[in-house]
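Both ligands and their constituent atoms are indexed starting at 1 by order of listing.
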Amino acid sequence: MCQTCNGTGGLAIEHSWGIQFEPCPDTNCDFEVDNSDLERLQAWLDEQKRRESA
Ligand SMILES: [Zn+2]
């Protein structure tokens with residue numbers, strides 16, 4: 001498991017204004033990104049754009 005992000009794929013950095021999520025900077029990070037959610041989100045965004053331009 002990646003020791004930099006503890007296998008979470010990124011680091012939660014606390015600021016005074018809130019928490020910022022940074023992708024793991026470790027080039028040896030073995031976290032596997034599951035893109036299925038991202039693809040769904042992108043498809044949804046594309047759909048919204050089509051409706052706006054229609
Ligand atoms: Zn990592």
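- Residues meeting the ring pair (Phe, Tyr, Trp, His ring centres under 6.0 Å) test with W17, sequence neighbours left out: H15.
- Across all their heavy atoms, P25 and T4 have their closest contact at CD-CG2, 4.2 Å.
- Protein N/O/S atoms found under 2.8 Å from the Zn ion (ligand 1): C2 SG, C5 SG, C24 SG, C29 SG.
- In terms of heavy atoms, C5 sits closest to G9 at SG-N, 3.3 Å.
- Side-chain atoms of N6 do not come within 3.5 Å of backbone N or O of T8 as any donor-acceptor pair.
- The number of heavy-atom neighbours closer than 6.0 Å to CD of E14, taken from other residues, nucleotides and ligands shown, is 12 or below.
- Side chains of Q42 and R40 form no contact here, defined as non-hydrogen atoms less than 4.5 Å apart.
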